[in-house]
Amino acid sequence: MVERTPILNFITHVVLFIGFVLCVAPFVIVAIAASHNLKDVNDVPMSLLPGGDFWTNIKTAWTTAELGPKLFNSFVMAAGVAAGKVIISALTAFSIVYFRYPGRTLIFWLIFITLMLPLEVRIVPTYAVVANVLSPYQTILDLPGLSWLIEKAS
């Protein structure tokens, strides 16, 4: 801060440090729990000192859950969504700045609001819209479980 208020600076730093600890504490507890075996984690109360099984647990989780392909797929999907949002935003900004047409402010806000929605929120409604458009063909709804998903979304 610019002002010379040492007491206020100290209080501000204490509040920031408490907020930092509150945000980081769950991650530290998860990392400590990952370093213990299952018996030690289930003990009440769990030890808050790191154990010696961290790399064994990581290796077991990596091979059992096949995390390599899953993390790669997540990375590709996240990179694709981020690139798509940047491209759409740049094209929209170009259009709104360089062209004069009625309703461009409304279009800007509609695009802005939809860009702020997380991808997970849009999955089921998008599937429902596509399924309703293609409902005369009934090919999508023939898969097990998808008809239930459409009924829930509608």
Side-chain angles (χ1 to χ4, degrees), residues 1-93 107-135 137-154:
M1 298 197 296
V2 178
E3 300 85 15
R4 295 186 179 268
T5 54
I7 295 174
L8 187 59
N9 287 349
F10 178 76
I11 292 172
T12 304
H13 282 86
V14 168
V15 169
L16 285 172
F17 181 74
I18 291 171
F20 173 76
V21 169
L22 288 175
C23 290
V24 172
F27 295 104
V28 171
I29 291 173
V30 167
I32 290 172
S35 68
H36 291 286
N37 59 27
L38 189 59
K39 180 192 171 297
D40 293 341
V41 171
N42 287 331
D43 285 345
V44 177
M46 181 186 85
S47 172
L48 293 178
L49 297 174
D53 294 330
F54 183 77
W55 294 112
T56 306
N57 292 339
I58 294 296
K59 182 180 177 186
T60 303
W62 189 273
T63 56
T64 305
E66 299 175 2
L67 291 179
K70 292 176 183 171
L71 287 175
F72 179 73
N73 289 343
S74 296
F75 172 76
V76 169
M77 188 69 184
V81 168
K85 284 189 176 193
V86 168
I87 290 169
I88 289 173
S89 299
L91 289 174
T92 303
I107 292 172
F108 166 77
W109 282 107
L110 290 174
I111 293 172
F112 184 73
I113 289 169
T114 58
L115 286 173
M116 292 295 111
L117 282 175
L119 181 66
E120 294 81 8
V121 172
R122 297 178 302 197
I123 290 174
V124 173
T126 303
Y127 179 81
V129 167
V130 170
N132 288 336
V133 168
L134 299 176
S135 62
Y137 301 107
Q138 291 294 320
T139 55
I140 294 177
L141 299 177
D142 290 340
L143 299 174
L146 293 181
S147 59
W148 175 83
L149 185 64
I150 292 296
E151 291 171 6
K152 286 293 186 184
S154 298

What is the distance from atom CG of Leu91 to atom CD1 of Ile111, rounded to the nearest 0.5 Å?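 Interatomic distance, Leu91 CG to Ile111 CD1, rounded to 0.5 Å: 9.5 Å.
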Residue pair [X] / [Y]: nearest heavy atoms and the distance that separates them:
| X | Y | result |
| --- | --- | --- |
| Met46 | Asp40 | CG-O, 3.9 Å |
| Ile32 | Leu48 | CD1-O, 3.3 Å |
| Leu8 | Thr12 | O-OG1, 2.7 Å |

With sequence neighbours excluded, residues passing ring-ring contact (aromatic ring centres under 6.0 Å, His included) with Phe112: Phe108, Trp109
Residue pairs fulfilling salt bridge (charged side-chain N to carboxylate O under 4.0 Å, His left out) with at least one residue in residues 10-20, sequence neighbours excluded: none
Could you name each residue pair satisfying salt bridge (charged side-chain N to carboxylate O under 4.0 Å, His left out) that touches residues 55-76, not counting sequence neighbours? none
Treating Ser35 as the side-chain partner and Phe54 as the backbone partner, does any N or O pair qualify as donor plus acceptor under 3.5 Å? no
When you measure from the side chain of Thr63 to the backbone of Thr60, do you find a donor-acceptor pair of N or O atoms at a distance under 3.5 Å? yes
When you look at CG of Leu16, are more than 12 heavy atoms from neighbouring residues, nucleotides or ligands closer to it than 6.0 Å?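 Counting other residues, nucleotides and ligands, CG of Leu16 exceeds 12 neighbours.
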